[in-house]
J.: 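Following this message is one structure expressed as structure tokens.
Order of the sequence lines fixes the chain letters, A, B, ..., with proteins taken first and strands second; residue numbering starts at 1 for each chain.
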Protein chains: 2
Amino acid sequence: MAPERGTEDPSAEIDPAFEAELHADGVTFDGEDATLLRTIDETGSLNAATDRLGRSYSRTHERIDALEAAFGPLVEPERGGSGGGGTELTARTRTLLARFERLRTEFSGVTAVEETVYEGVVVDRDGEIATVQTAAGELGAITPPETEAVQVTIRADTVTLHSQAEAPTSAGTSARNQFAGTVETVDERESVVSVGVDIGAEQPLTALVTQGSAAELGLTAGASVVASFKTTATRATPRQQPEA
Amino acid sequence: MAPERGTEDPSAEIDPAFEAELHADGVTFDGEDATLLRTIDETGSLNAATDRLGRSYSRTHERIDALEAAFGPLVEPERGGSGGGGTELTARTRTLLARFERLRTEFSGVTAVEETVYEGVVVDRDGEIATVQTAAGELGAITPPETEAVQVTIRADTVTLHSQAEAPTSAGTSARNQFAGTVETVDERESVVSVGVDIGAEQPLTALVTQGSAAELGLTAGASVVASFKTTATRATPRQQPEA
DNA sequence: GAGCGTTGTTTCATTGAAGATATAACGGTC
DNA sequence: GACCGTTATATCTTCAATGAAACAACGCTC
């Protein structure tokens, strides 16, 4: 079943992606709908929009009807008049588009940011919050019910770094997960720095901070830092138990 | 174009959703593929899996071929033998499924968590990092290029709260955005608490913390707290400039 | 060697989504 | 009132995805 090709490059690029959606009344508004509405806004007419997008008028018209049945009035068409008429967006539509764009931005944040994954075992639990034992120590994470063996993923943009002197007392902050470590790698990007922190596990914990923060904290290889992250921001997923 | 229905309920539920995807070599692996592979794993045969899922064998077989061409060997089929044969997953497939599940979990975190949105204007910029002037004051956020008028969205699970006494000095932490405020609302959930903090803007900043943190910090209405969040975790999206 | 249930492979049928086309209605301008 | 470009609507065609069905190949058990 496996053709020979595909085997040759086991490290092929596998990229995360997504399709953002807004659901209402059984109808799903997706990226294609968003560009349709944006094009209508730019061209001022449904006809011009379908031409530019290479879509058929009839189908597009149907689609807008379906969307309006679920999301409420989205366009204000006018026929006749100078220029023959046209269609404009309602205020609600602009709000909808803005919301969709925010959603898409959050999702693309997820795909763009590095994350570190630790394997662990649930040792304690309070509802959806579990304490997980990992190679780096115990940490809290949101965990699906009835799972023991888990992978914990920590997004780099949720990890904040502190100078050792200014490390917060655990009682005074809502960031319950704190790990002292030493900076292992510093990867400077355009305006942001990705920092790998050795916190005792095999895999370093990577944190994404601004260049300003990196400078103020003196983040160079070998520096001592404290890394903290919230348990409500870290999530665990079930892990396959070793077979035998 | 707008049928009368739809107008009647302007506050209809609009729910965010997503389709998680993994892309390789032009082929996209989606949730349907994941359940297919999981079902093969559970039933031990492609035939049984297609029966359970109500899909045609031929189509399913084609799909697996296409996936393997892009993602590498995913299944190990055997034909003949006792029971007629069967197909099992490769180790790579389990890794792939685990990765997909982590991705899906992160996305569902985005849709599940509350967020607060502030409108603002970019007043300074360093690459993708911008300083945005909002009703709550200045804050840093990742911002798309060439945008001035923005909406800034702050996920509740990225906001950490500190007791006023233990508020970190801005030089000692990589959480550059800090706002002192007073607790306005406290919404206790199963094992987590959603806290609305008045930081001077019209809309309160909502933070999601564990019940343990809420208790230790003494989070009740009227309490003084400091809310902080990282600029690499907050994102801005373009905002429609007022028309005229 | 017959039987069995699986994997492979091909061919044909079905179905649903989208495009293509035609026509009516509208309301300004001229 | 003729003209124009648009919206509205219906019908037909096209195409791609999927299912259905048939058949060969395989290898173990008996």
Side-chain angles (χ1 to χ4, degrees), chain A residues 1-6 19 21 26-33 35-37 39-70 73-90 93, chain B residues 1-6 19 21 26-33 35-37 39-70 73-90 93:
Chain A
M1 185 176 280
E4 284 315 308
R5 58 180 301 268
E19 179 72 25
E21 300 171 353
V27 179
T28 103
F29 179 100
D30 63 9
E32 206 173 358
D33 296 319
T35 74
L36 170 61
L37 291 176
T39 309
I40 291 175
D41 190 31
E42 291 168 13
T43 61
S45 103
L46 220 180
N47 258 294
T50 57
D51 280 357
R52 181 189 292 185
L53 296 176
R55 305 176 47 168
S56 75
Y57 179 89
S58 53
R59 171 63 189 149
T60 306
H61 191 276
E62 275 178 5
R63 179 60 182 166
I64 290 183
D65 270 3
L67 288 177
E68 288 193 319
L74 297 178
V75 295
E76 288 177 340
E78 280 185 10
R79 58 180 182 180
S82 70
T87 111
E88 294 189 347
L89 304 188
T90 64
T93 306
Chain B
M1 187 175 278
E4 284 316 307
R5 56 179 302 268
E19 179 72 24
E21 300 172 353
V27 179
T28 103
F29 179 100
D30 63 10
E32 205 172 359
D33 297 318
T35 73
L36 170 60
L37 291 176
T39 309
I40 291 175
D41 190 31
E42 290 168 13
T43 60
S45 103
L46 219 180
N47 258 293
T50 59
D51 281 356
R52 183 189 291 185
L53 296 176
R55 304 175 50 168
S56 75
Y57 180 88
S58 54
R59 170 63 190 149
T60 306
H61 191 275
E62 275 177 8
R63 178 60 182 166
I64 291 182
D65 270 2
L67 288 176
E68 288 193 319
L74 297 177
V75 295
E76 288 177 340
E78 280 185 9
R79 59 180 182 179
S82 70
T87 109
E88 295 190 347
L89 304 187
T90 64
T93 307

J.: By the 4.0 Å heavy-atom rule, please label A:Glu62 as base, sugar-phosphate, or nothing.
T.: nothing
J.: Respond yes when some side-chain nitrogen or oxygen of B:Asn47 is under 4.0 Å from OP1 or OP2 of C:dG5, and no when none is.
T.: no
J.: Specify the separation, in whole Å, of atom CD of A:Glu76 and atom C1' of D:dT7.
T.: 14 Å
J.: Does A:Gly54 or B:Ala48 map to a spot on DNA chain C nearer the 5' end, using the closest nucleotide for each?
T.: B:Ala48
J.: Rounded off to whole Å, could you give me the CG-to-P distance for the B:Asp30 and D:dA17 pair?
T.: 14 Å
J.: Take the protein atom CD1 of A:Ile64 and the nucleotide atom P of D:dT6, then report the distance between them rounded to whole Å.
T.: 15 Å
J.: Which one, C:dT7, C:dG19, D:dT9, comes nearest to the side chain of A:Ser56?
T.: C:dG19
J.: Between the side chains of B:Arg52 and B:Glu42, is the shortest nitrogen-to-carboxylate-oxygen separation below 4.0 Å, so that they form an ion pair?
T.: yes
J.: Any donor-acceptor pair under 3.5 Å linking the side chain of A:Thr93 with the backbone of A:Leu74?
T.: yes
J.: Would you indicate, yes or no, if C:dG28 has its OP1 or OP2 atom less than 4.0 angstrom from a side-chain nitrogen or oxygen of A:Ser82?
T.: no
J.: Assign each of A:Thr60 and B:Ser45 to its nearest nucleotide of DNA chain C by heavy atoms, then name whichever residue's nucleotide is nearer the 5' end.
T.: B:Ser45
J.: Measure from the side-chain N and O atoms of A:Glu68 to the backbone N and O of A:Val75, and report whether any donor-acceptor pair falls under 3.5 Å.
T.: yes
J.: Could you state the NE2-P distance from A:His61 to C:dT23, rounded to the nearest angstrom?
T.: 19 Å
J.: Between A:Arg63 (CZ) and C:dG19 (P), how many Å, whole number?
T.: 13 Å
J.: Atom CD of B:Glu78 and atom C1' of C:dC4: how far apart are they, to the nearest Å?
T.: 16 Å
J.: At under 4.0 Å between heavy atoms, what does A:Gly44 touch on the DNA or RNA strands: base, sugar-phosphate, or nothing?
T.: nothing
J.: What integer distance in Å separates A:Leu46:CG from C:dC26:P?
T.: 19 Å
J.: To the nearest Å, how far apart are B:Tyr57 OH and C:dT11 P?
T.: 17 Å
J.: Has the side chain of A:Ser58 got a donor or acceptor atom sitting under 3.5 Å from an opposite partner on the base of C:dA18?
T.: no
J.: Base of C:dT7, side chain of B:Arg79 - is there a donor-acceptor contact under 3.5 Å?
T.: yes
J.: List the steps, then state whether side-chain contact (heavy atoms from CB on, under 4.5 Å) holds for B:Ile40 with B:Ile64.
T.: CA-CA 11 Å; B:Ile40 291 175; B:Ile64 291 182; 3.7 Å; yes
J.: Hey, is the side chain of B:Arg59 poking within less than 4.0 Å of OP1 or OP2 on D:dT18, counting only N and O atoms?
T.: yes
J.: Taking A:Glu88 for the side chain and A:Glu76 for the main chain, is one N or O donor matched with an acceptor at less than 3.5 Å?
T.: no
